[in-house]
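Worksheet: one structure, shown below.
Counting convention: from 1, in listed order, for ligands and their atoms alike. Heavy atoms only: backbone and side chains are in, while hydrogens, waters and symmetry mates are out.
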Amino acid sequence: MAPHWSHLGPDHWYKNYPIAKGRRQSPIEINNKDVHYDRSLLPWFASYDPGAAKTILNNGKTCRVVFDDSFDRSVLRGGPLPGVYRLRQLHFHWGSSDDHGSEHVVNGVRYAGELHLLHWNPKYSNYLDAVRRADGIAVLAIFLQVRKTPKPEMKRILEEINAIKTKGKEAPFTNFDPSILFPKSHDYWTYHGSFTTPPCEECITWIVLREPIIVSSDQMAKLRSLSKNAENEPVLPLVDNWRPTQPRYFRMVSASFL
Ligand SMILES: COc1ccc(C[C@H]2SC(=S)NC2=O)c(OC)c1
Ligand SMILES: [Zn+2]
């Protein structure tokens, strides 16, 4: 059963999730004029165990890879984070064409897509407790930029798409270290925000990488070949699963680079 909010657009979410109109919502526009360079920001580090990868699934909203997060097996640390955060899952946001699809927008630039690697703070007893805490979740966000050259490291994920075409489909997905997807530069912006879908909890320390990863138009088309409907239901293409940018209000966006 699709989440009951899924048929209503983002402007309606606040009716069931008042926090959707909160002061710390995501995504936001990142504009140089509002960004503050913070030279005290540390570099971030991901130490992921390829053996932690478990399955890939289509939940009708995105393509998600889930990882074993029963101990500090694959972790993100450093940057703005107070300690290690456990990798729980990664997923994507994309558009109906290459000229849009990312959630964050940088100096007016929309990218074709955005990869989210979602981690939770193990100082809390479990993930669901962490989503209720301001420092509970850390998301590493990486833009997908379309150029002529495909990103070979995306092949593994895109090869599985045929096995998870419709909502609810899941396939084993093992021996995968997501850090092979990272761009060269670790430069990032960071700010406090929220989940970009209901329940829109304001529990996320965002780490948004400045350097996009380059994918091909065919690779984006592969993501767009996913369906949001279940098998033997009318075909509904899974596209435009991004939330529009939200007001920044009085939040500081810090940059790790000048
Ligand atoms: C409370 O549980 C949730 C709620 C929403 C999402 C998905 C959202 S959050 C994000 S960032 N991007 C997305 O698409 C979850 O993803 C793990 C988990
Ligand atoms: Zn996301």
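Below 4.0 Å from some heavy atom of Pro198 lie the following atoms of ligand 1, by number and element: 4 (C), 5 (C). Close contacts of ligand 1 with Pro199, meaning ligand atoms under 4.0 Å from a residue heavy atom, involve 1 (C), 4 (C). Heavy-atom proximity to His116, at under 4.0 Å, picks out these atoms of ligand 1: 11 (S), 12 (N). Those atoms of ligand 1 that come under 4.0 Å of a heavy atom in His93, given as number and element, are 12 (N), 13 (C), 14 (O). Applying the 4.0 Å criterion to heavy atoms of Trp206 picks out, from ligand 1, the atoms 11 (S). Distances below 4.0 Å separate heavy atoms of Leu118 from the following atoms of ligand 1: 16 (O), 17 (C). Shown in contact with His91 at under 4.0 Å from a heavy atom are these atoms of ligand 1, numbered in order with element: 10 (C), 12 (N), 13 (C), 14 (O). Each of the atoms 16 (O), 17 (C) of ligand 1 lies under 4.0 Å from some heavy atom of Gln89.
The CG atom of Asp177 sits 8.5 Å away from atom OH of Tyr48, with the distance rounded to the nearest 0.5 Å. A distance of 11.0 Å separates CG in Asn241 from CZ in Phe92, rounded to the nearest 0.5 Å. The CZ atom of Phe71 lies 8.5 Å from the CZ atom of Arg86; values are rounded to the nearest 0.5 Å. Separating the OG1 atom in Thr197 from the CH2 atom in Trp13 is a distance of 6.0 Å, to the nearest 0.5 Å. To the nearest 0.5 Å, atoms OG1 (Thr205) and CG (Asn121) are separated by 8.5 Å.
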Kindly indicate, with the supporting measurements, whether the criterion salt bridge (charged side-chain N to carboxylate O under 4.0 Å, His left out) is fulfilled by Arg224 and Asp98. CA-CA 10 Å; Arg224 294 190 202 105; Asp98 289 349; 2.5 Å; yes
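The closest approach between Arg243 and ligand 1 stays at or above 4.0 Å for every heavy atom of the residue. Residue contacts with ligand 1 do not include Trp120, since none of its heavy atoms lies under 4.0 Å from the ligand. Residue contact annotation: Ala141 has no non-hydrogen atom under 4.0 Å from ligand 1.
Contacts of Glu201 with ligand 1, taken as heavy-atom pairs under 4.0 Å, are absent altogether. The residue Ser26 has no part lying near ligand 1, judged by heavy-atom distances below 4.0 Å.
The protein heavy atom nearest to atom 15 (C) of ligand 1 is Arg64 NH2, 3.9 Å. Annotation: atom 1 (C) of ligand 1 to nearest protein heavy atom, Phe195 CE1, 3.6 Å. What sits closest to atom 2 (O) of ligand 1 on the protein, heavy atoms only, is Tyr127 OH, 3.5 Å. In terms of protein heavy-atom proximity, atom 5 (C) of ligand 1 is closest to Thr197 OG1, 3.0 Å.
Between the side chains of His100 and Asp240, a donor-acceptor pair is found at a separation under 3.5 Å. A donor and an acceptor atom, one from each side chain of Lys165 and Asn229, are nowhere located under 3.5 Å apart.
Where the criterion is an N or O separation shorter than 3.5 Å, residue side chain and backbone included, Glu103 fails it with respect to ligand 1. Here's the thing with Thr196: one of its N/O atoms is less than 3.5 angstrom from an N/O atom of ligand 1.
Between the Trp44 side chain and the His186 main chain, a donor and an acceptor come within less than 3.5 Å of each other.
Ring orientation note: the planes of Tyr191 and His104 are nearly perpendicular, at an angle over 60° on the 30°/60° scale.
Screening Arg110, His93, Gln246 for a side-chain hydrogen bond (donor to acceptor under 3.5 Å, both in side chains) with Glu103, the sole residue that qualifies is His93.
As for His116, its N/O/S atom nearest the Zn ion (ligand 2) is the one called ND1.
Leu118 and Tyr188 are not part of a single hydrophobic cluster, where members link through side-chain heavy atoms under 4.5 Å apart.
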